[in-house]
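Just so you know, these numbers use all the heavy atoms, side chains as well, and skip hydrogens, waters and symmetry mates.
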Amino acid sequence: MKKKVLAVFMATAMAFGLMACGSSAQQAATTTSGGSDGLIKVGIINNDPNESGYRTANDSDLKAKFTKENGYDASFAYSLKNDEQIQYAQTFIQDEVDYLLLSAADTAGWDSVLKDAQAAGVKVILFDRTIDADASLYEASIVSDMAKEGQTAVDWLAGQGLSEYNVIHIQGVMGSAAQQGRSGALDNKVAAETNWNIVKQQTAEWNAEKAQQIVQSVIDAGTSFNVIYAENDDMAKGAVAALDAAGISHGVGKDVIVMGFDCNKWALEELLAQNWNYDGQCNPFQASYIDDIIKTLESGGTLSQKTIIMDEKGFDATTITQEDVDNYGI
């Protein structure tokens, strides 16, 4: 642990951090423990917990693990914007955290602040999402293979054997690792196959209401489609709301195939009822892996691997079981 600096400086730094991270309810930083001697000081930067059910589960998992009782003085900051996340990182570095845990809103733009962290002796651990930065700038990453998630979904869709694929592609926040991985596989397939078409491709920024508006605009235009490929469950839910309002059937054996990602429990229940067709898992439970890494580093040990890829799968409405819903729903 770092030696503590003068109490006056610490008070000033903490006040600055609270001001910098408290600009809105959606993008606020909150301190969960008191910074007593002996605690490992951690700054955790995440996306907005209200973004999706996945993000709520991810945030809850981190908060349950990084507590005073478990030996941590943890502060949390949230934003869906890369520039704000970078500002939070700079504040945590100034606050002399021991570890900076990061789920980046965008893959780009992190080199400078991570170099600052390294110069200050702050160890960086990535979780949930990868970034475009040299691996020497962080200690470890515990992430989902977003490209594999996308490829697994597209392979499943190709296996449905449609004579023509006319896809409404509803994207997540542009530039995020999840968006890039889930979009990339579909874009590649459409480019390679003459019977695969994108009839609409637009970001809904993980938001159900925006997804509903996108699908409604396609319906209003009279454009034919038979697949909705939504890059998270909430956007799939919004898309289905537009289908229901227009009286368009969806699910197993119906007019439109509905695909989502994240495996919220309510979404898997839609699969079980065969109202949706596919859901790709994105595992949000990374806190125990991070805790193990920190304990290894604190004890002077060497990490056995720098990157941990979360184990994930895809679920088909024709084969999913109640046990799957109970075991994998978040």
In terms of side-chain heavy atoms, does D61 have a donor or acceptor partner in Q286 at a distance below 3.5 Å? no
Residues 183-212 vs ring pair (Phe, Tyr, Trp, His ring centres under 6.0 Å), sequence neighbours excluded, gives Y165-W196
query = For residues N82 and E84, is any side-chain donor paired with an opposing acceptor at under 3.5 Å?
reply = no
> Is N47 close to R129 at the side-chain level, that is, under 4.5 Å between some pair of heavy atoms?
Replying inline: yes
For D311, I'd like to know if atom CG has over 12 heavy atoms of other residues, nucleotides or ligands within 6.0 Å.
no
Salt-bridge present (R55, D128; N to O < 4.0 Å)
yes
CG of D292 to OG of S304, rounded to nearest 0.5 Å, is 10.0 Å
Joining Ile, Leu, Val, Met, Phe, Trp and Tyr whenever any side-chain heavy atoms lie under 4.5 Å apart, the cluster holding I330 also takes in Y54, F285
- Is any side-chain heavy atom of I170 less than 4.5 Å from a side-chain heavy atom of V215? yes
For residues 120-159, the ring pair (Phe, Tyr, Trp, His ring centres under 6.0 Å) pairs (sequence neighbours left out) are W156-Y278
Report task. Check the pair F315, K313 against side chain to side chain contact (heavy atoms under 4.5 Å, CB included), reporting the backbone distance first and the verdict last. Result -> CA-CA 7 Å; F315 292 95; K313 61 181 69 180; 3.4 Å; yes
Note to self: Checking side-chain polar atoms at under 3.5 Å, does S79 have a donor or acceptor matched by the opposite partner on Q85?
What the structure shows: no
Practice item. May I ask you to check if K41 and Y99 form a cation-pi contact, with NZ or CZ under 6.0 angstrom from the six-membered ring centre and within 45° of the axis? Key: no
Looking only at side-chain N and O atoms, does T107 offer a donor or acceptor that is under 3.5 Å from a partner on D132?
yes
- Might you confirm whether atom NZ of K306 has over 12 heavy atoms from other residues, nucleotides or ligands at distances under 6.0 Å? yes
Hits for ring pair (Phe, Tyr, Trp, His ring centres under 6.0 Å) against H169, two or more places apart or cross-chain, chain-then-number order -> Y229
### Message
Whether the H250 and D244 side chains hold a donor-acceptor pair (N or O, under 3.5 Å, no angle test) is what I'd like checked.
### Response
yes
side-chain hydrogen bond (donor to acceptor under 3.5 Å, both in side chains) with Y78: of D48, D59, N50, only one passes, and it is D59
inquiry  = Run D316 and T319 through side chain to side chain donor-acceptor pair (under 3.5 Å) and show every step you take.
reply    = CA-CA 6 Å; D316 184 320; T319 58; 4.6 Å; no
Sequence neighbours excluded, the answer for side chain to side chain donor-acceptor pair (under 3.5 Å) partners of T307 is S141
Side-chain donor or acceptor of R182 paired with backbone N/O of E231 under 3.5 Å
yes
Residues 262-274 side chain polar contacts: donor-acceptor under 3.5 Å, at least two apart:
{"residue": "N264", "atom": "ND2", "partner": "D233", "partner atom": "OD2", "Å": "2.9"}
{"residue": "E270", "atom": "OE1", "partner": "N275", "partner atom": "ND2", "Å": "3.1"}

Practice item. Report yes if the side chains of V190 and D187 come closer than 4.5 Å at any heavy-atom pair, otherwise no. Key: no
Quiz item: Can a salt bridge be assigned to the pair D291 and K295 using a cut-off of 4.0 Å between side-chain N and carboxylate O?
Solution: yes
Heavy-atom nearest pair, P284 first then N58, reads O-ND2, 2.9 Å
Per side chain to side chain contact (heavy atoms under 4.5 Å, CB included), V167 is matched among I228, V199, L186, I257 by L186
task: Return yes when atom CD of E323 has more than 12 non-hydrogen atoms of other residues, nucleotides or ligands closer than 6.0 Å, and no otherwise.
output: no
Quiz question: by atom type and distance under 3.5 Å, do the side chains of Q87 and D83 form a donor-acceptor pair?
no
Nearest heavy-atom approach of N195 to S163 is ND2-O, 3.2 Å
Donor-acceptor contact present, side-chain S144 to main-chain M146, <3.5 Å: no
V173 and Q179 have their tightest heavy-atom pair at O-CB, 3.2 Å
| Minimum side-chain heavy-atom gap I168-V227 below 4.5 Å | no
Under a plain distance cut-off of 3.5 Å, with no hydrogens placed, do N166 and N197 share a side-chain donor-acceptor pair?
yes
When I293, N283, L101, L126 are each screened for side chain to side chain contact (heavy atoms under 4.5 Å, CB included) with I142, the one that passes is I293
